[in-house]
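Working notes, structure below.
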There are 2 protein chains.
Amino acid sequence: MQADCFVRQYRQTTEWGVLSKDELNRIDDVAVCRIFEAGRGVFRDDDPCRGIYYVTSGLVGIRKSDPQGNSVILWRLAFPGNTLGLRPLLAGEKHRGGAEALETSTICFVSAAVVRDVLKKNPVLEHRFLQSAARALGEAEEVYFENVTQSVRTRLAHVLSIFKDHNGRTDDDGALVLELPLTWRNISALIGVRPESLSRVIRKLDEEGWAHFSGRTVVVRDFDRLMGEIGPDGRV
Amino acid sequence: MQADCFVRQYRQTTEWGVLSKDELNRIDDVAVCRIFEAGRGVFRDDDPCRGIYYVTSGLVGIRKSDPQGNSVILWRLAFPGNTLGLRPLLAGEKHRGGAEALETSTICFVSAAVVRDVLKKNPVLEHRFLQSAARALGEAEEVYFENVTQSVRTRLAHVLSIFKDHNGRTDDDGALVLELPLTWRNISALIGVRPESLSRVIRKLDEEGWAHFSGRTVVVRDFDRLMGEIGPDGRV
DNA sequence: CGCCAGGTTGATTTCGCTCAAGCAATGTGG
DNA sequence: CCACATTGCTTGAGCGAAATCAACCTGGCG
């Protein structure tokens with residue numbers, strides 16, 4: 001056994017949680033875990049999908065580029081506990097984006113054959129995946145909708161709220177303190193704008209007193225008020 | 001039996017195709033078919049999902065709006081043969097958009113209980129749905145990507161290509177003739193721009209000789225060339 | 001007949017992109 | 001240890017696409 005990435009998730013509410021401890025152990029037995037330095041690629045766009053990647057630690061980004069390779073955006077972030085490559089595996093497609101470690105990350109690989117085998121033996125897991133695919137589809141709609149509809153400012157706030165959930169601290173004054181795990185460059189790619197545009201928005205937010213930005217540290221005075229001000233409905 | 005909407009799909013490659021004729025008949029027995037005049041609502045945003053809607057004829061649009069009701073876009077079109085409401089049903093969520101008949105349409109409703117029952121008895125159908133959800137997820141990515149990346153002109157061309165597949169005729173000169181089933185207003189909502197902007201793009205395309213627009217009739221001189229001109233590098 | 005929704009057109013503004021320069025921190029080789 | 005490149009970030013000037021505001025035109029339709 002190389003690791004215990006999956007077993008450790010036993011109690012978590014991941015889809016995998018429906019499997020028995022034995023089954024999870026079996027997966028861990030065949031899982032291949034590797035450490036990827038920041039910047040290292042995990043798989044590339046259009047690569048055939050050979051299996052799934054389970055993120056144990058660190059942070060991984062999925063990038064997408066148009067057929068010519070230009071206009072690269074950061075499509076999605078994968079935090080510890082997330083699984084990559086499940087969608088193409090289920091759909092029988094190639095990877096639609098390239099994955100790259102944004103921080104030093106531990107990633108466990110499980111081959112497609114094993115996954116399919118486990119799925120076949122566990123219809124319940126399949127059902128879970130169906131549910132979660134359906135939810136993901138809904139999420140995708142929201143993300144799309146937001147990005148078409150909302151301003152850069154709003155989208156930035158949304159990204160901040162993601163990191164609030166993952167890294168957020170609250171300091172003595174009750175202000176939200178974030179230590180961003182991404183460069184601003186990457187955040188701009190995540191939002192889908194040029195770094196320059198993001199930079200200007202940041203300066204404005206700072207000038208207007210909503211938050212203070214220095215390096216990758218962000219201090220938000222009153223997060224709820226910011227969200228309220230930005231999406232008059234409070235929904236980002 | 002009220003209708004034969006589902007049985008009629010027997011040979012089609014819909015996901016439902018994996019069911020036996022008997023099972024499809026059973027669904028038809030409990031399906032409730034109604035005719036919706038153009039403009040009539042089928043279900044609304046945030047309505048709980050009580051079942052699925054199968055479009056037999058006509059054209060249905062799914063609209064999305066933010067919680068205030070502003071900035072409505074036409075999120076998706078449902079042509080005959082398409083099923084609405086499957087995603088929220090599987091995800092156990094509410095509807096994420098409102099559906100409205102854009103033309104007079106026949107729509108068959110099947111309650112959630114029946115769908116779940118059928119799914120339980122047919123793991124193969126469930127597997128199909130999983131595959132198709134996974135593919136839909138990939139599609140969603142592409143659509144998103146296109147709408148963020150491409151110009152109004154390009155997106156209009158893509159909308160035209162959708163109607164080419166559904167309504168397209170070729171006249172004596174080999175030109176593509178389309179009779180659009182949507183108002184320009186709705187098309188602009190589908191593309192996600194203001195009607196004025198679309199109007200200007202149309203005029204330009206006409207002036208430049210790519211196509212002739214009069215009312216809802218569009219005649220495209222050389223469709224492939226238009227797509228070629230617009231597609232390869234993404235920008236015009 | 002007047003009303004009204006769909007559509008057009010023009011003038012103006014806003015937003016984000018492009019191009020271009022500059023700066024600070026980090027790294028690297030001599 | 002210094003000279004130099006590299007990388008991430010900032011700032012400015014100008015541009016172009018689409019939004020906004022506003023007027024007006026048209027063809028149903030009560």
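Chain letters run A, B, ... following the sequence lines, proteins first, then strands; residues in each count from 1.
- If you measure from atom CD1 of A/Ile191 to atom C1' of C/dC17, you get 15 Å, rounded to the nearest angstrom.
- In this structure, CZ of B/Arg153 is placed 15 Å from C1' of D/dA18, rounded to the nearest angstrom.
- Distance from the side chain of B/Arg194 is smallest to D/dA19 among C/dC19, C/dG16, D/dA19.
- Applying the ring-ring contact (aromatic ring centres under 6.0 Å, His included) test to residues at least two apart or on different chains, the pairs with a partner in residues 182-219 of chain A are A/Trp184-A/Phe213.
- Nucleic acid contact for B/Gly39: none, since no nucleic acid atom lies under 4.0 Å from a heavy atom of the residue.
- When distances run from any side-chain atom of A/Arg216 to the nucleotides D/dC9, C/dG16, C/dG6, the shortest one goes to D/dC9.
- Between the CH2 atom of B/Trp184 and the P atom of C/dG7 there is a distance of 9 Å, given to the nearest Å.
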Output, in order, the C-alpha distance, side-chain angles, deciding distance and verdict of ring pair (Phe, Tyr, Trp, His ring centres under 6.0 Å) for A/Phe145 and B/Trp75. CA-CA 9 Å; A/Phe145 189 69; B/Trp75 170 252; 7.4 Å; no
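- For A/Glu196 and D/dG8, the CD to P distance is 14 Å, given to the nearest whole Å.
- Following rounding to the nearest Å, A/Ile187 (CD1) and D/dT10 (P) show an atom-to-atom distance of 11 Å.
- Contacts classified as side-chain hydrogen bond (donor to acceptor under 3.5 Å, both in side chains) and involving residues 168-178 of chain A (residues at least two apart or in different chains) are not found.
- Between the side chain of A/Ser105 and the backbone N or O of A/Leu59, at least one donor-acceptor pair lies under 3.5 Å.
- Listed by residue number, the members of residues 197-206 of chain B with any heavy atom below 4.0 angstrom from DNA chain C are B/Ser199, B/Arg200, B/Arg203.
- Of all non-hydrogen atoms in A/Leu90 and B/Ala134, the two that sit nearest each other are CB-CB, 3.9 Å.
- The CD1-C1' distance, from A/Ile73 to C/dG16, rounds to 16 Å in whole Å.
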Could you walk me through whether B/Thr217 and B/Ser214 pass the side chain to side chain donor-acceptor pair (under 3.5 Å) test, one step at a time? CA-CA 5 Å; B/Thr217 308; B/Ser214 71; 4.9 Å; no
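- Going from atom CG of B/Leu102 over to atom C1' of C/dA5 covers 16 Å, rounded to whole Å.
- In this view, B/Arg63 and B/Glu100 satisfy the salt bridge (Lys or Arg N to Asp or Glu O under 4.0 Å) rule, not counting sequence neighbours.
- B/Glu142 pairs by the salt bridge (Lys or Arg N to Asp or Glu O under 4.0 Å) definition with A/Lys64, A/Arg96, not counting sequence neighbours.
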What does the list of N/O pairs under 3.5 Å between the protein and nucleotides 23-25 of chain D look like, with a distance for each?
none

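- Figure legend: A/Arg225 and A/Phe223 shown without cation-pi pairing, the cationic atom not lying both under 6.0 angstrom from the six-membered ring centre and within 45 degrees of its axis.
- Side-chain atoms of A/Arg185 lie closest to D/dC9 of the nucleotides D/dC9, C/dA20, C/dG7.
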